Structure formats: C-alpha cells, structure tokens
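Report on one structure; see the data block that follows.
Given the structure is predicted, the values throughout are model-derived calculations rather than measurements.
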Amino acid sequence: MLLCLSAFLPALVSCDKQNEDLETPLKDFPQVIRLSDEGDGDLEDEDGFSFAITLSDRTDPDGEELGGRPVPLAEKVRVNFAVTDFEGFAQLSDYLGSAEAFYEIDDCTTSLDQNIDLNLQFDVATGRGSVDFPAGVEEIEIEFEANEDLFDDNILNSDERSITIRLTGLEGNPQGVAVNTTASFVYEVQDDEAIYGEWELDLSDAVAFARFKSLFGLINEDIRSLQASDVDEITLSFEYGEVKALVVLNEMEQVDDCGTMVMENKEIEIEAEIEELTDDALDGDLEFGETLELAGGVFREFVYKGSFVIVGDTLQIELEGEFGDERVSPLVLILSK
C-alpha cells in the first residue's frame with residue numbers, strides 16, 4: 001500500500017506522481033470485456049500480428065491494488081469481434097491467413113501448450129469472428145498469420161496499410177458481463193524504407209561511440225562509464241510508438257530460460273515513447289522521451305529531439321537531450337541497416 005504523508009513535501013510529490021493516472025476501479029457495474037490496447041504495428045515483412053482481449057479493472061478483492069485489477073469471470077462467455085476496416089489491399093484474404101487464440105498460463109506456458117481450445121472462429125470473407133473468454137482468465141490473445149510478401153518492397157510508401165478490429169458483442173445474454181464495442185484496435189504496417197526498423201552504430205568509429213555515450217549517458221550511468229572494448233553491439237530501433245536504444249555487452253551472464261540455464265550477453269536497454277516522428281519521408285523531425293524513477297522515489301523526465309536524414313542504408317540523426325536541468329548539445333549519430 002502506498003502511504004503519503006503531507007508533512008514531508010518530497011514524499012508528497014513522489015506519491016502524487018505515482019498516482020496521477022490512478023482511476024477509481026469499477027465495483028457495482030458489470031464486468032467489462034474490452035480490447036487491451038488501441039493499436040500496434042510492425043514492419044512490412046512480418047508474418048503475423050496479434051491483439052488482446054482483456055477485462056477492465058475492478059476493485060481488488062484483496063485490497064492490495066489501489067487502482068484495482070482484473071477480476072476473472074466466474075463463467076466463460078463467447079465474444080464476437082470483426083475487422084471493421086482495412087486499407088492498402090483489396091480483400092482480407094490478400095493479407096490475413098489462419099488465426100489462433102490462447103492465453104498465458106505462466107511465463108513459459110500458454111493454453112496452446114496444454115491443448116486448451118478457445119473455439120476460435122474467423123471468416124476471412126466477412127471479417128467476423130468469435131472466441132471463448134474462459135472463466136478464471138484475465139486476458140486472451142488472438143494471433144493472425146499474415147502474408148509477409150504482400151507489402152515487402154524497396155519503395156517508400158506513403159499510403160496507409162492497416163487493419164481495424166472491434167469487439168461487436170457477446171453471444172447469448174450472460175448476466176453481469178458487458179463488452180466495450182466503441183473502442184478499436186488498429187494494426188499498422190510500417191515501412192522499413194522510412195525510419196522504422198533497427199539501425200546499428202559502427203563501434204569501430206571512436207567519434208560515433210563517444211557521441212552515443214554523451215547522448216545516452218545523460219540518463220544512464222552504465223552507458224556513461226562504458227569503454228568500446230565492453231561492447232559487442234549498439235542499435236537504435238524505431239518501433240510502433242517507441243524508440244529503443246540497445247547496448248549488447250561482451251560480458252555474459254547465466255539466465256533461466258524456462259528451466260534451462262543458458263549463457264547470454266548482458267544488455268543495457270533504454271525505451272522511450274515517441275512524441276513526434278516523420279514516418280513517411282526520408283527526412284524529418286523526431287522527438288522521444290520518458291519519465292524515469294530515480295533513487296529515493298524521485299521522478300525525472302528526459303526528452304531527446306532533433307532531425308534525421310536517410311540516404312540508402314544510412315541514417316543520420318542530429319539529437320539534443322534534456323534530463324531535468326541537465327543538457328546535451330546537438331550531436332550527430334550515423335547508423336546503418
């Protein structure tokens with residue numbers, strides 16, 4: 001439980017920051033089945049995508065979660081959904097193939113592993129489908145196979161390629177359960193001739209490495225102290241709604257991979273939400289940032305902003321960074337695919 005004492009201003013500020021998005025959970029209303037999020041996207045050559053159906057938060061019966069939590073259904077219900085719109089191709093069967101539905105049992109096991117059938121039905125001709133939402137489960141996922149060759153070209157595309165999905169209702173008239181039919185999930189195909197995808201920094205270039213450290217060392221002490229000999233690979237990835245900076249270290253560590261101990265490279269990862277991005281041209285503006293929780297429960301926001309130019313397989317980015325009162329003047333990074 002989070003306790004705020006108004007006598008101590010720092011603690012009060014910290015609590016306010018943690019609770020600023022806190023919503024009163026549902027209690028005396030039907031359990032609401034809804035789409036888990038509003039959208040997703042991936043590159044042209046991806047062979048599939050998925051969307052999740054979940055339960056809205058309700059008052060936590062255990063009283064442990066202030067914002068509530070999903071409370072599983074007592075009995076299974078059948079949920080109807082539909083592809084309500086699509087752009088960039090003539091008919092759904094041009095892009096969509098088979099589909100399967102499942103839920104996570106633990107980090108290593110899904111319902112598919114235990115041959116649990118959610119009775120997914122999907123008609124690619126009409127775009128309509130239905131699936132069981134079982135009792136005792138907080139979320140299910142529906143994954144579509146996609147035609148990875150349909151959009152995969154070497155041309156910068158400015159036309160939209162997307163699929164919109166909505167929940168349309170429940171079969172029968174289950175008591176105490178409702179479905180949100182107003183929200184939609186939009187899957188967007190992203191063009192890897194534009195800025196989307198993974199770009200790699202040349203570690204043999206001492207100037208490039210020093211600039212990367214200056215920029216991202218602003219918010220990460222481990223990056224700030226790196227030597228070139230410590231690093232195996234550095235990449236910058238532009239994905240749906242976020243930017244990821246990944247530093248793969250030469251140092252190895254033993255990790256538990258679902259019961260099997262394996263050796264893997266240690267990694268340093270920075271994720272940030274995209275605030276602005278020109279994603280349909282070979283040059284443009286970008287801005288991304290996030291709020292970090294520091295030691296002692298203090299929160300501080302970082303922001304990177306600048307511009308980019310793409311020439312062939314080379315991406316040139318000019319960025320400046322802000323982290324509270326700290327600043328990094330504009331620096332140029334050159335990366336390649």
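Applying the side chain to side chain donor-acceptor pair (under 3.5 Å) test between Thr109 and each of Asp106, Asp107, Asp113 identifies Asp106 as the sole match. Among the candidates Ile195, Val311, Ile310, the single residue satisfying the side chain to side chain contact (heavy atoms under 4.5 Å, CB included) test with Leu282 is Ile310.
Val255 belongs to a hydrophobic cluster with Val262, counting contacts under 4.5 Å between side-chain heavy atoms of Ile, Leu, Val, Met, Phe, Trp and Tyr, direct or through other members. Cluster partners of Phe102, using a side-chain heavy-atom cutoff of under 4.5 Å among ILVMFWY residues and allowing indirect links, are Leu112.
By the 4.0 Å N-to-carboxylate-O rule, Lys337 lies too far from Glu200 to be salt-bridged with it.
Leu170 is connected to Phe81 through a chain of hydrophobic side-chain contacts under 4.5 Å among Ile, Leu, Val, Met, Phe, Trp and Tyr, so both are in one cluster. Linking Ile, Leu, Val, Met, Phe, Trp and Tyr residues whenever their side-chain heavy atoms come within less than 4.5 Å places Val243 and Tyr196 in a single cluster. A single hydrophobic cluster is not seen to contain both Phe238 and Val309; linkage of ILVMFWY side chains at heavy-atom distances under 4.5 Å, directly or through other members, places them apart. Linking ILVMFWY side-chain heavy atoms closer than 4.5 Å, directly or via other members, places Val177 and Val71 in two distinct hydrophobic clusters. Residues Ile165 and Val186 are members of separate hydrophobic clusters, defined by side-chain heavy-atom contacts under 4.5 angstrom among Ile, Leu, Val, Met, Phe, Trp and Tyr.
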Return a table of donor-acceptor pairs under 3.5 angstrom between the side chains of residues 119-128 and protein atoms on other chains or two or more places apart.
| unit_1 | atom_1 | unit_2 | atom_2 | d |
| --- | --- | --- | --- | --- |
| Asn119 | ND2 | Asp132 | OD2 | 2.6 |
| Asp123 | OD1 | Ala125 | N | 2.9 |
| Thr126 | OG1 | Arg128 | N | 3.3 |

Please list, one pair per line, the donor and acceptor atoms closer than 3.5 Å that link side chains of residues 245-252 to other protein atoms, with sequence neighbours excluded.
| unit_1 | atom_1 | unit_2 | atom_2 | d |
| --- | --- | --- | --- | --- |
| Asn250 | ND2 | Ser229 | O | 2.8 |
| Asn250 | ND2 | Val231 | O | 3.4 |
| Glu251 | OE2 | Lys266 | NZ | 3.0 |

Got a list of side-chain donor-acceptor pairs under 3.5 Å for residues 314-336, not counting sequence neighbours?
| unit_1 | atom_1 | unit_2 | atom_2 | d |
| --- | --- | --- | --- | --- |
| Glu326 | OE2 | Arg300 | NH1 | 3.4 |
| Arg327 | NH1 | Gly324 | O | 2.8 |

Report, one line per pair, each donor and acceptor closer than 3.5 Å where one atom sits in a side chain of residues 270-277; sequence neighbours left out.
none

List the atom pairs, with distances to 0.1 Å, where a side-chain N or O of residues 38-47 and a protein N or O form a donor-acceptor pair under 3.5 Å, not counting sequence neighbours.
| unit_1 | atom_1 | unit_2 | atom_2 | d |
| --- | --- | --- | --- | --- |
| Glu44 | OE2 | Asn157 | ND2 | 3.2 |
| Glu44 | OE2 | Arg161 | NH2 | 3.2 |

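The CZ atom of Phe299 lies 9.0 Å from the CG atom of Leu294; values are rounded to the nearest 0.5 Å. Note that CD of Glu188 and OG1 of Thr164 are 8.5 Å apart. Values are rounded to the nearest 0.5 Å. In this structure, the separation between CD1 on Ile223 and CD1 on Ile268 is 5.5 Å, given to the nearest 0.5 Å. Note that the CG atom of Leu167 and the CG atom of Asn80 stand 9.0 Å from one another [nearest 0.5 Å]. Rounding to the nearest 0.5 angstrom, the gap separating the CD atom in Gln254 from the CE atom in Met263 is 6.0 Å. Atoms CD and OG1, on Glu104 and Thr110 in that order, are 8.0 Å from each other to the nearest 0.5 Å.
Considering every non-hydrogen atom in both Glu253 and Asn265, the closest pair reads OE2-O, 4.4 Å. Considering every non-hydrogen atom in both Leu35 and Ala183, the closest pair reads CD1-O, 3.7 Å. Taking all atoms of both residues into account, the shortest heavy-atom contact from Ala135 to Ala74 is CB-O, 3.5 Å. Nearest heavy atoms, Pro174 versus Val77: CB-CG1, 3.8 Å. The two residues Ala82 and Thr168 make their nearest non-hydrogen contact at CB-CG2, 3.8 Å. The two residues Val189 and Tyr95 make their nearest non-hydrogen contact at CG2-OH, 3.8 Å.
Counting only distance, with no hydrogens or angles, the side chain of Arg58 and the backbone of Pro30 share a donor-acceptor pair below 3.5 Å. Judged by distance alone, with hydrogens and angles left aside, the side-chain atoms of Ser111 form a donor-acceptor pair with the main-chain N or O of Tyr103 at under 3.5 Å. With Asn220 contributing its side chain and Gly217 its backbone, the two residues share no donor-acceptor pair below 3.5 Å. Using a distance-only test at 3.5 Å, with no hydrogens or angles considered, a donor-acceptor pair links the side chain of Asp256 to the main chain of Gly259.
A donor-acceptor pair shorter than 3.5 Å cannot be found between the side chains of Thr278 and Asp280. With no hydrogens or angles considered, no side-chain donor-acceptor pair links Glu301 and Thr291 at under 3.5 Å. The closest side-chain donor-acceptor pair between Glu145 and Ser98 falls under 3.5 angstrom.
Pairs of residues two or more places apart, or lying in two chains, that qualify as ring pair (Phe, Tyr, Trp, His ring centres under 6.0 Å) and include a residue from residues 158-185 are Phe51-Phe185. Residue pairs satisfying the side chain to side chain donor-acceptor pair (under 3.5 Å) criterion with at least one member in residues 202-215, sequence neighbours excluded, are listed as follows: Asp202-Ser204.
In this structure, Ile33 and Leu55 have side chains that are in contact, with non-hydrogen atoms separated by less than 4.5 Å. Contact of the Asp153 side chain with the Glu193 side chain is registered, since non-hydrogen atoms from C-beta on lie closer than 4.5 Å. Using a 4.5 Å heavy-atom cutoff, the side chains of Pro134 and Leu118 are in contact. Using a 4.5 Å cut-off on side-chain heavy atoms (C-beta onward), Leu92 and Phe86 make contact. Side chains of Gln190 and Tyr240 form a contact here, defined as non-hydrogen atoms less than 4.5 Å apart. Between Ile53 and Phe133, the closest side-chain pair of non-hydrogen atoms falls below 4.5 Å. Residues Pro72 and Val137 have side chains not in contact (no heavy-atom distance under 4.5 Å, counting atoms from C-beta outward). Using a 4.5 Å heavy-atom cutoff, the side chains of Ser56 and Gln31 are not in contact.
Remark: Tyr304 pairs with Phe216, Phe288, Phe302 by the ring-ring contact (aromatic ring centres under 6.0 Å, His included) rule, at least two apart or across chains. Not counting sequence neighbours, the partners of Phe49 by the ring-ring contact (aromatic ring centres under 6.0 Å, His included) test are Phe144, Tyr187. The side-chain contact (heavy atoms from CB on, under 4.5 Å) test applied to Thr54 returns Arg34, Ser36, Glu139, not counting sequence neighbours.
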Residue pair Asp94, Asn147: steps toward the side chain to side chain contact (heavy atoms under 4.5 Å, CB included) verdict: CA-CA 7 Å; Asp94 292 341; Asn147 179 359; 6.0 Å; no
Applying side chain to side chain contact (heavy atoms under 4.5 Å, CB included) to Phe89 and Leu150, what does each step give before you reach the verdict? CA-CA 9 Å; Phe89 49 100; Leu150 181 63; 4.1 Å; yes
